[in-house]
Amino acid sequence: MKKVEIVVDSVYLSRALEILEKSQVSGYTVVRDVLGKGERGLMRGDELADVFKNSYLFTVCDEETALKIAEEIKPLLKKAGGICLLSDVVWVPH
Amino acid sequence: MKKVEIVVDSVYLSRALEILEKSQVSGYTVVRDVLGKGERGLMRGDELADVFKNSYLFTVCDEETALKIAEEIKPLLKKAGGICLLSDVVWVPH
Amino acid sequence: MKKVEIVVDSVYLSRALEILEKSQVSGYTVVRDVLGKGERGLMRGDELADVFKNSYLFTVCDEETALKIAEEIKPLLKKAGGICLLSDVVWVPH
Amino acid sequence: MGAELLLQNVLNPPVLMFLLGLGAVLLKTELEIPQPLPKLFSLYLLIAIGLHGGYELSKSGITADVLKVLLLAMLMAIAVPIYAFFILRLKLDVYNAVAISATYGSISAVTFITAGSFLNSIGVSYGGYMVAAMTLMESPAIIIGLVMLCLFAKRNSDRINWAEVFREAFLNPSVYILMGTLIIGFLTGEKGWKAMDPLFGVLFKGMLAFFLLDMGILAGRRIGEIRKVGVFLIAFGILLPIFNAMVAILLAKTFALAKGDAFMFSVLCASASYIAVPAAMRLSVPEANPSLYVTLSLAVTFPFNIAVGIPLYYSVTNTLWG
Amino acid sequence: MGAELLLQNVLNPPVLMFLLGLGAVLLKTELEIPQPLPKLFSLYLLIAIGLHGGYELSKSGITADVLKVLLLAMLMAIAVPIYAFFILRLKLDVYNAVAISATYGSISAVTFITAGSFLNSIGVSYGGYMVAAMTLMESPAIIIGLVMLCLFAKRNSDRINWAEVFREAFLNPSVYILMGTLIIGFLTGEKGWKAMDPLFGVLFKGMLAFFLLDMGILAGRRIGEIRKVGVFLIAFGILLPIFNAMVAILLAKTFALAKGDAFMFSVLCASASYIAVPAAMRLSVPEANPSLYVTLSLAVTFPFNIAVGIPLYYSVTNTLWG
Amino acid sequence: MGAELLLQNVLNPPVLMFLLGLGAVLLKTELEIPQPLPKLFSLYLLIAIGLHGGYELSKSGITADVLKVLLLAMLMAIAVPIYAFFILRLKLDVYNAVAISATYGSISAVTFITAGSFLNSIGVSYGGYMVAAMTLMESPAIIIGLVMLCLFAKRNSDRINWAEVFREAFLNPSVYILMGTLIIGFLTGEKGWKAMDPLFGVLFKGMLAFFLLDMGILAGRRIGEIRKVGVFLIAFGILLPIFNAMVAILLAKTFALAKGDAFMFSVLCASASYIAVPAAMRLSVPEANPSLYVTLSLAVTFPFNIAVGIPLYYSVTNTLWG
Ligand SMILES: Nc1ncnc2c1ncn2[C@@H]1O[C@H](COP(=O)(O)O)[C@@H](O)[C@H]1O
Ligand SMILES: Nc1ncnc2c1ncn2[C@@H]1O[C@H](COP(=O)(O)O)[C@@H](O)[C@H]1O
Ligand SMILES: Nc1ncnc2c1ncn2[C@@H]1O[C@H](COP(=O)(O)O)[C@@H](O)[C@H]1O
Ligand code: NA
Ligand code: NA
Ligand code: NA
């Protein structure tokens, strides 16, 4: 299985989740309020508006879905900043 | 080394940690209050009780221990929901 | 690309970030206030001072930089505790 | 129930704040009161009600009348989850029936508080021992629910850990803090209350209004799930509270409780838990669906009681006591 | 403006708390007010100002004079972002000009509140309908900004989603909560306010001081970025507010507003948003650089208004009204 | 010390709330006050004590008597960590001796506040300059501790960064906020305090009680580790405070301090830091074990002072001053 990790500006979290839902992943996990630094500078998350704050989310899915998500999230990350990572994991079934 | 990642309903966090302790991992790291969506629906974490809230935890250990943990956590995840992932990492010694 | 994950005592977070900056990573992501257990005992994060609290951070970079960071973070982890992990990821470009 | 009583109840800042929170979700405003601020408010309200109840109790003393009320409370706390269970079994499996009946057997402190604030605004008083009654009524339903589970479910593996269940029932944070501050209020009496009054007395209504804004948001978020709950459960979530309240009022009349106490007692019986019991059920009966019992309690019964139930139960009490 | 007026403004706990927060960052003390505590304070202030404004409005009623003020407010809320946009276009690209002009077209509730507290301390009053005016002035700038964007930017792909824009403008949390509590205060009148006063009235100044400590910290953190903002924008961040205030005062004089109202109106026009508008701009105009508009509003205009602007606008008003 | 004095101290809502928090952990109730709510309370208490102290100071002025108290405070803040260090070296390595002696050389604001509330409840007053004394006593122990480290430890690599140490000592958040609000209270005097009193004065005792609930929980969580701390350190954590208090009382008598001031001074000397110093030690002396110094200060000395120390030091003072 593939793990898709995404860091995105918090104001765009719901858009990112929409993309996941559309790709019909079986689930996802979100850590709100992570900080970070990247091209767009420091995101300390201390402003009153949700500007300057990131969210970190990941989903586990098969390779095909992962590549689809990676493709569909690109325009959002281009516009709003953020990163998208892919890696291999084993999902222990239960 | 193996990294074992677990997402579990927050009310069952202490049970999950007990399983890790029993398997004698050298340590673990926990992010409380992560949100998520899976079979059991949306966990927004906004209820007054700790219902609908996940915790995310990971531990790094050797392969044998990792498989043992994966085996022992199964019944808990079956009962209470959640996921368990395994992946390869290199632990930089210090 | 390599993902470097670091868990470090929160009072030493700024030192760890300094090391990343010095190694000229293109960015990093930080989850403040994670809990954990390791050699130095339980970090519940509930004290009034920031003692007993960890931060979790990761950066994605090329292998060379990753090894450099791993090398430079060692003395800090030796002194203050914590872990450093390396793994393989694919960074989806945008 | 006169329309003006209903209006008088609704045209109150706390109730309107609840509606404001509800509207915030329905209009998709992204208003939220992020954690742990709701915990701050709920802690505050529990401490305030405990300290004040204890203080009142220290004035009245623990008389035979007080014991009578406590016994009635105990009785209803045991009876309600039992008959609720059998009603629910008509349509639901054992697990969900257990979880929902426990939810309705227990109480909601915020409903109690809102009723107290309503009573206060129309100039009727009630005894501080009603807080003790409330505290007593939180836990039994959890135990009763799990006894039902043992009797009627066929779980062999993974048997119930009774030690943990009793701890969950009697030492969950809500019960503990209420009980503890009740005792503190009782022990420190007049002098203690005078020191605590500025924070835990004078600010009470404002804090309630603030908290109800959040309750409205939480209820609003669950409203989308009401449809999934089904007609039977929605009817249950409105009719059972009314039924419980009527039983309580009749009992109160039979045992000659004072008017204010009778009303508060009926509110306790009509209210359903959305903090302590759901947390316990999630742990002890994972087979039950939390979306059902939390949604029903938070998005159906709580708003119903706040907006309609309170004036309704009051007008019945008022008619009977005159 | 007399030196003693300036001193009287600065030697106030709220303003000094702001400076304390600023100093905490400049001296690198690691003092911080962690999330979500600032949200608690900002929610509290919005609710308090809304409830109180609504209560005052219920006393005065909605008269022709009130409507006059609301119309003037509307006028300025539309005019300011338009002329600000053209000034900004002298040096900036369309996107940043849109975002900054929207920021300055809208208002800052905390600046308004601090001005009210200043007015209060020198014994001048203002009408509760000024809160309604403030609420009206929050949103239009967002719409105007995006209309400007459509007219002057050449974005073909990814067109503006107007439904979402209107929701962001009129149903963002600040506007919603202000509007809602204004109505609640209006509906519940005297009796409602009496119940809410201990929390939302009596504690108001203390909470403002507490919150300004945090505003100082946030402003301090942005101060390092002021250099990057450039001389043109810094001048803009000080001169535009003064200009807006003067236009407002002249308008107020022409239409014979009362002195207190005129002053509060000038403060509204002079203030810039750092919560609602930046959130909306981040979403609708991602091409604009948030470091510019947030820094300018929070680290230049807000401190300027708090420390110098308020006594300045007051002394002008005072001279004209006598 | 009469039993009734002890009882009078314990039968106070704040102290009982501390015990309630302690009990919550011992009974495993899962009650918690999640972060950052404790930060809200501790910030509130620091601001309140600073503003009030500054206000009192503005009334009394900075007289020779005030300077005398400040000098005595400085003296003890330097002496205590030195003799504590040598006592600790009997059993501990240099690093832990440094960290613990710094902890006991500094002060605990909540202990000071609880003592003030106790004094208040028995009708004795103390000077506002005692807050200035407290502020002065926070930092020196950190410096002294690190000087000891340089003198007695043989660390060659990784030498101490004195600039950072001084910043940690004199500009840590607690010291900064106390100092800052003290100055604000002093500058704004009567008028400023009147505006701040409703939040930072009237609510003070209630907030203290609320916060002590959390302190009880934190202390309770550390109680399991007391065994690991060892008999020597437990004895140290009780006897050193008593010894420090007695030295302070004798000094106060010698220099003819007023009774209330003498008592508060003894409490300052008896108390140990659990916020500012542990944070500084974790950074500057990572070789020391934080479980030792935090546990000792929070789970041994703090409860001892709150429950037994305060009435004990008072009864000694009372006997000497009559
Ligand atoms: N190389 C990186 N490693 C880890 N996180 C990153 C990296 N680059 C960017 N990020 C995260 O993505 C966010 C947005 O990145 P950017 O769009 O480059 O500003 C940053 O605030 C970080 O949280
Ligand atoms: N495919 C997935 N990827 C990432 N997280 C998941 C996935 N499925 C489930 N989760 C997480 O595990 C939690 C419980 O899952 P479930 O038991 O399926 O409801 C969810 O709330 C998510 O946080
Ligand atoms: N094996 C491990 N797996 C995951 N996290 C660990 C592990 N060991 C240590 N940690 C984390 O690193 C922190 C410091 O570890 P230590 O220095 O060993 O006390 C702990 O509090 C944990 O959060
Ligand atoms: Na009930
Ligand atoms: Na404006
Ligand atoms: Na001391």
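Every chain is numbered from 1, with letters handed out A, B, ... down the list of sequences.
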- Item | F:Met179 atom CE: more than 12 heavy-atom contacts under 6.0 Å |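 12 or below, so no.
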
- Task: Assess whether atom CD of F:Glu30 is packed by more than 12 heavy atoms of other residues, nucleotides or ligands within 6.0 Å.
- Result: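 Not buried by this count: 12 neighbours or fewer within 6.0 Å.
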
Rounded to the nearest 0.5 Å, what separates atom [atom1] in [X] from atom [atom2] in [Y]?
X        : Y        : atom1 : atom2 : answer
F:Leu203 : D:Phe200 : CG    : CZ    : 9.5 Å
D:Leu51  : F:Met17  : CG    : CE    : 6.0 Å
F:Leu213 : D:Ile184 : CG    : CD1   : 8.0 Å
F:Lys28  : D:Glu164 : NZ    : CD    : 11.0 Å
F:Asn12  : D:Met196 : CG    : CE    : 7.5 Å
F:Glu32  : D:Leu43  : CD    : CG    : 10.0 Å

Leading residue by heavy atom contact count with chain D [cutoff under 4.5 Å; candidates [options]]:
options                     : value
F:Leu19, F:Leu16, F:Val202  : F:Leu16
F:Ser117, F:Ala209, F:Gly23 : F:Gly23
F:Pro198, F:Gly21, F:Pro34  : F:Pro34

Find out whether [X] and [Y] are in side-chain contact, i.e. whether some heavy atom of one side chain is under 4.5 Å from a heavy atom of the other.
X        : Y        : value
D:Leu40  : F:Leu40  : yes
D:Phe170 : F:Leu27  : no
D:Leu199 : F:Phe204 : no
D:Asn172 : F:Leu31  : no

- Query: By a 4.5 Å heavy-atom criterion (distance strictly below it), what part of D:Thr181 contacts chain F: side chain, backbone, both, or neither?
  - Reply: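 For D:Thr181, the contact with chain F is made by backbone and side chain together.
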
- For the side chain to side chain contact (heavy atoms under 4.5 Å, CB included) test, which of D:Leu171, D:Ile177, D:Val175 pairs with F:Thr29?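 So the option named by the test is D:Leu171.
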
- Message: Could you report the tightest heavy-atom contact between F:Leu20 and D:Tyr176, atom names first, then the distance?
- Response: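 In terms of heavy atoms, the two residues are closest at O-OH, 2.6 Å.
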
- Nearest heavy-atom pair of F:Leu37 and D:Pro36: which atoms, and what distance?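 That would be CD1-O, 3.7 Å.
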
- Query: Which residues, numbered in order, of residues 271-278 of chain D come under 4.5 angstrom of chain F by heavy-atom distance?
  - Reply: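 Residues of residues 271-278 of chain D touching chain F at under 4.5 Å: none.
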
- Query: Of all residues at least two apart in sequence or in a different chain, which pass the side-chain hydrogen bond (donor to acceptor under 3.5 Å, both in side chains) check with D:Arg221?
  - Reply: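 Once residues adjacent in sequence are excluded, the partners of D:Arg221 under the side-chain hydrogen bond (donor to acceptor under 3.5 Å, both in side chains) criterion are B:Asp46.
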
